[in-house]
Amino acid sequence: MSVASQRLMDNISYEDLYKRWEQGNWSAYDIDFSADVAGWAALSDLQRASAMWIYSMFFYGEDRVADTLAPYVTAAPTEEQSYFLATQQVDEVRHSLFFHRFFKEVIGVGGESIEDTLAATLPQLNWGYRGVFDRLDRMAEELRKDTSLPKYAQAITLYHLIVEGSLAQPGQHFIEDFFAKGGAMPGFSAGMANVSRDEQRHIGFGVKVLSELLAPEHPASEECRAAVVELLREVLPYSPAVFRPPNLDRAYTECYGFTMEDIYAFGLKLVRQRWRTIGFPTEEMPPGVFPFDPDKSEEEIAADQVKLMLGGILGPSDGSVAPSTDPELMRLWFAITSRVADPAAANGSPLVYQWKFTDADPWHIVIDNGSTRAEPGLAPNPAVTIEASWADWLASTKPDANPLKLLFSRRIRPHGSLRELARMRKVFN
């Protein structure tokens with residue numbers, strides 16, 4: 001951790017964070033939605049459809065984090081952290097009530113009970129969103145059984161850095177900006193400003209906790225870092241698809257004055273900034289955790305991710321969108337794959353992995369003397385050759401994939417010695 005980052009974290013205590021909670025308390029029932037009904041009616045059909053998509057993710061997310069926070073309070077290693085987390089659970093409940101009122105009183109969706117309103121949001125939740133929040137549910141169960149510091153570090157990473165810091169905050173930023181400028185829904189704008197202030201406090205707590213647990217001088221830092229890396233590898237493949245709009249329609253964000261690229265770039269800047277403050281910059285993480293080109297800006301990386309999503313390459317392999325075989329998109333995907341590769345697992349030997357697709361041009365990856373590159377075409381003497389359709393291969397790489405099913409059905413056909421096949425698994429683990 002840099003001296004500046006360490007000083008920043010030292011200047012913020014858990015007591016300070018608690019005091020900010022007391023000083024910033026607000027009531028979900030004091031929000032006046034009377035003027036918002038007309039503001040909602042004035043939106044276009046597309047804007048209302050987009051709002052249902054975005055706000056459903058917020059509402060469901062607030063409910064899930066409220067339900068899963070109790071084990072964090074118990075697992076916290078200090079009373080100060082435990083006390084703050086107790087205030088955070090109150091915040092999340094208040095946020096859920098705010099969104100329940102907004103859905104019921106302004107949008108006219110749901111019912112008298114929170115359960116009824118939540119049920120109305122479920123069709124809006126996509127593959128990426130469900131993947132992240134299903135992991136949050138499992139994390140709560142794991143933390144109940146294992147209150148070790150590495151598991152606690154994983155849980156804080158998932159809750160505070162990914163769910164709140166990487167997913168919720170970018171969406172909040174652009175939504176708040178749109179309605180604050182237009183003034184069409186003053187009650188919603190006031191409530192979202194309160195929610196945003198609470199989330200900033202929560203994220204600050206998570207950054208402080210991880211800066212302490214991952215500090216080199218902490219006795220459990222190595223174990224905590226390994227646990228965090230394991231969690232990031234597991235969850236991050238879902239994250240880009242959280243903002244995958246219905247029918248891949250870019251208009252779902254553009255009708256509110258921002259693009260998908262804006263969301264991705266803003267989120268990535270926050271991610272990089274916070275991990276630097278924690279003292280574990282993304283560029284110092286093991287290969288493949290954040291497989292971005294280090295020479296590209298956040299805006300360039302965001303543009304690449306959106307291209308891959310709109311091309312059906314990032315996101316679910318559910319058959320709803322046939323993945324594009326455009327050479328430029330395949331180049332982007334294989335470049336990411338090459339950065340996932342761990343050259344150390346090659347044990348210093350030059351390695352070539354070949355992909356032959358039945359419906360797209362072939363590609364190969366070369367690992368040689370610590371350098372890794374992806375190139376189109378066929379390579380001589382590959383260690384392993386994979387034969388498959390482009391769609392089936394992509395399906396096998398998803399975090400919820402069943403590779404054995406694809407192998408047994410011969411939809412993916414690997415060729416090479418058992419030793420090389422085992423080594424390939426380690427290289428791309």
Side-chain angles (χ1 to χ4, degrees), residues 13-22 24-29 57-101 113-119 121-122 125 129-169 194-210 212-213 220 224 227-228 230-231 234-235 238:
S13 70
Y14 296 110
E15 185 177 8
D16 293 332
L17 293 169
Y18 177 86
K19 287 180 180 178
R20 293 178 191 179
W21 174 75
E22 285 197 346
N25 255 316
W26 58 283
S27 170
Y29 289 99
M57 291 194 289
F58 274 110
F59 180 33
Y60 184 86
E62 297 292 357
D63 177 76
R64 295 315 307 141
V65 293
D67 285 351
T68 55
L69 193 55
Y72 289 68
V73 179
T74 304
T78 69
E79 290 301 299
E80 289 81 4
Q81 291 183 29
S82 181
Y83 288 177
F84 178 84
L85 287 164
T87 71
Q88 183 172 339
Q89 190 165 29
V90 174
D91 287 340
E92 308 299 5
V93 170
R94 181 164 42 211
H95 299 171
S96 296
L97 289 169
F98 164 72
F99 277 105
H100 169 59
R101 284 194 60 214
S113 73
I114 293 176
E115 288 79 6
D116 289 341
T117 310
L118 283 169
T121 70
L122 292 178
L125 309 182
Y129 188 94
R130 292 172 185 269
V132 173
F133 279 86
D134 286 351
R135 186 63 185 95
L136 189 68
D137 289 343
R138 297 197 305 275
M139 181 64 75
E141 292 302 317
E142 292 170 11
L143 196 58
R144 285 189 177 96
K145 300 172 184 176
D146 177 6
T147 59
S148 67
L149 289 179
K151 180 56 67 177
Y152 182 62
Q154 275 192 337
I156 293 293
T157 298
L158 178 57
Y159 194 124
H160 295 78
L161 270 294
I162 295 177
V163 170
E164 293 199 318
S166 303
L167 302 180
Q169 195 173 29
N194 290 329
V195 170
S196 180
R197 185 169 58 248
D198 290 344
E199 302 292 3
Q200 285 279 17
R201 189 171 59 251
H202 304 165
I203 295 165
F205 171 85
V207 170
K208 181 170 178 62
V209 169
L210 290 173
E212 294 172 353
L213 292 178
C224 289
V228 165
E230 178 186 0
L231 186 280
E234 182 182 358
V235 175
Y238 285 111

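Basis for what follows: all heavy atoms, side chains included, without hydrogens, waters or symmetry-related copies.
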Check: [X]/[Y] side-chain N/O donor and acceptor closer than 3.5 Å:
| X | Y | answer |
| --- | --- | --- |
| Gln88 | His160 | yes |
| Asn194 | Arg94 | no |
| Tyr152 | Gln81 | yes |
| Asp198 | Trp21 | no |

message = Just checking Tyr18 against Tyr83, ring centres under 6.0 Å apart?
response =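 They do not qualify: ring centres at least 6.0 Å apart.
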inquiry  = Students often mix this up, so state it plainly: with edges at 30° and 60°, are the rings of Phe99 and Phe58 parallel, tilted or perpendicular?
reply    =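 Taking Phe58 first and then Phe99, their aromatic rings lie parallel (interplane angle under 30°).
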request  = May I ask you to decide if the ring planes of Phe84 and Phe205 are parallel, tilted or perpendicular, using 30° and 60° as cut-offs?
outcome  =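 Rings of Phe84 and Phe205: parallel, as their planes differ by under 30°.
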query = Going by an N to O cut-off under 4.0 Å, is there a salt bridge joining Glu234 and Arg138?
reply =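 Yes.
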Please report the interatomic distance [atom1]([X]) to [atom2]([Y]), rounded to the nearest 0.5 Å.
| X | Y | atom1 | atom2 | answer |
| --- | --- | --- | --- | --- |
| Gln89 | Leu69 | CD | CG | 5.0 Å |
| His95 | Glu199 | NE2 | CD | 5.5 Å |
| Leu210 | Gln154 | CG | CD | 11.0 Å |

message = For Tyr129, give me all partners under ring pair (Phe, Tyr, Trp, His ring centres under 6.0 Å), at least two apart in sequence or on another chain.
response =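 Checked Tyr129 against ring pair (Phe, Tyr, Trp, His ring centres under 6.0 Å); matches are Phe133.
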